[in-house]
Amino acid sequence: MAVPDDVVPLYSISILNISKATEIILNKIRDEFISKVNLAADEIEEENTVDNIQKKFSQEILLLLNKYLPRLDKTKIDLLINYLITQNIGLGNVEILLKDPNLEEITINNAHEPVWVYHRRYGWLKTNVKIPNEQRIRHYSTIIGRDVGKEITLLRPLMDAHLKTGDRVNATLSPISTKGNTITIRKFAERPWSITDFIKTNTISIDASAWIWLAIQHELSLLISGGTGSGKTSTLNAIANFFPPNQRIISIEDTRELILPNTLHWIPMETRLPNPEGKGEVTMLDLVINSLRMRPDRIIVGEIRRKAEAEVLFEAMHTGHSVYATLHANNVEETITRLTN
Ligand SMILES: Nc1ncnc2c1ncn2[C@@H]1O[C@H](COP(=O)(O)OP(=O)(O)OP(=O)(O)O)[C@@H](O)[C@H]1O
Ligand SMILES: [Mg+2]
């Protein structure tokens, strides 16, 4: 939607408008409902019971609505139940943005400014979604982290995590991000990138693809280098489809991004940051070394950042494994310099 006097177009979702009076009642219902519905933690963990939880919530909310707001018709009741559920479990209105496959990025910058999104066709857009306060943004980061065993605290105000759906998340807390708490969600491509997509969009030539395929068939190792956001991870994902299904593949990433076909024999692993007492850290290097004891045929490393990681990878190559990794460098010369210095 174009907005006069604003160079940035608006991405507008329809959000239920409710009066102040109704809101007060809904908040009361919310408090009562939260104290009533006491779910066992392991019940929430089970992904397949999300529907059951929603059903259970709806029933409770319905009882409360009938108590506080009698004489509502069925459509209004459904709207309010839906509203209470989206506002109180999960990420509120951000959940609605997450459902649009055309959005590549969803960014919360602070509680005063609207949420911005990056649209596949239109680029950056402002939305009509606002997060009510800084505390809520922090709460969202906390629940995102909790689901995947990561923590964000004043002492560790930066967090890399991912949603259960796989979308990559970065969160920061104020005062490190000086205007407020931030959350950046890079949405997963609905369908992972494939080599045919790359050929169709002229990212790679047919000859080069055939050559990479041959190299992979013959168990050569590959390094993918490029600048930030240049498509390294997407390329790694695309070429992983060439791996033969009768080989064991172990992937190691800081945050899960790769999606390989179900037909492959694939064990994805992920690093972990230490907890606030400095315990429990599992580094990339730990995982690379560990993977060598898991009898892999191919090892995928999301991103090489440190010298030790590169050394272990080369050791893995020497002991007969094929290794696939990405590395941040702008061209081939720089890649070699980074590896040899
Ligand atoms: N060939 C392509 N054509 C168009 N878009 C692409 C292509 N390859 C990747 N993209 C898109 O570009 C964005 C960045 O891709 P990707 O995450 O693979 O980059 P990266 O180099 O790994 O980034 P980072 O440095 O953040 O790890 C993604 O949204 C991805 O879908
Ligand atoms: Mg990447």
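For ligands, and for the atoms within them, numbers begin at 1 and follow the listed sequence. If you're wondering where the values come from, they're calculated on a predicted model, not measured in any experiment.
Within the model, atoms CD1 of Ile96 and CG of Leu91 stand 11.5 Å from one another, a figure rounded to the nearest 0.5 Å. With rounding to the nearest 0.5 Å, the separation of OG in Ser291 from CE in Met284 is 10.5 Å.
Close N/O approach between Glu257 and ligand 1 is not found [any backbone or side-chain N/O within under 3.5 Å]. An N or O contact shorter than 3.5 Å is missing between Thr235 and ligand 1 by distance. Geometrically, ligand 1 and Ser230 share a nitrogen or oxygen pair separated by less than 3.5 Å.
Between Glu303 and Arg305, at least one side-chain N (NZ, or NE/NH1/NH2) sits under 4.0 Å from a carboxylate O, which counts as a salt bridge. Note on Glu113 versus Lys126: no salt bridge recorded, every NZ/NE/NH1/NH2 to OD/OE distance being 4.0 Å or above.
In this structure, a donor-acceptor pair under 3.5 Å is absent between the side chains of Thr75 and Asp78. No hydrogens or angles considered: a donor-acceptor pair under 3.5 Å links the side chains of Arg248 and His265. No donor-acceptor contact under 3.5 angstrom links the side chains of Thr127 and Trp116, judged on distance only.
Taking a cut-off of under 4.0 Å to the non-hydrogen atoms of Gly227, the atoms of ligand 1 that pass are 21 (O). Remark: ligand 1 atoms within the under-4.0 Å shell around heavy atoms of Glu104 are 29 (O). Remark: ligand 1 atoms within the under-4.0 Å shell around heavy atoms of Ser234 are 8 (N), 9 (C), 15 (O), 16 (P), 18 (O), 30 (C). Near Thr203, meaning under 4.0 Å from one of its heavy atoms, ligand 1 places the atoms 1 (N), 2 (C). Counting atoms of ligand 1 from 1 in the listed order, those under 4.0 Å from a heavy atom of Phe198 are 1 (N).
Closest heavy-atom approach to atom 14 (C) of ligand 1 among the candidates Lys232, Arg186, Arg168: Arg186.
Under the 4.5 Å side-chain contact rule for hydrophobic residues, Phe198 and Ile224 share a cluster.
Inclusion of Ser234 in the first shell of the Mg ion (ligand 2) is not supported: no N, O or S atom falls under 2.8 Å.
Residue Gly229 places a heavy atom under 4.0 Å from ligand 1.
At a heavy-atom distance under 4.0 Å, atoms from both the backbone and the side chain of Thr228 approach ligand 1.
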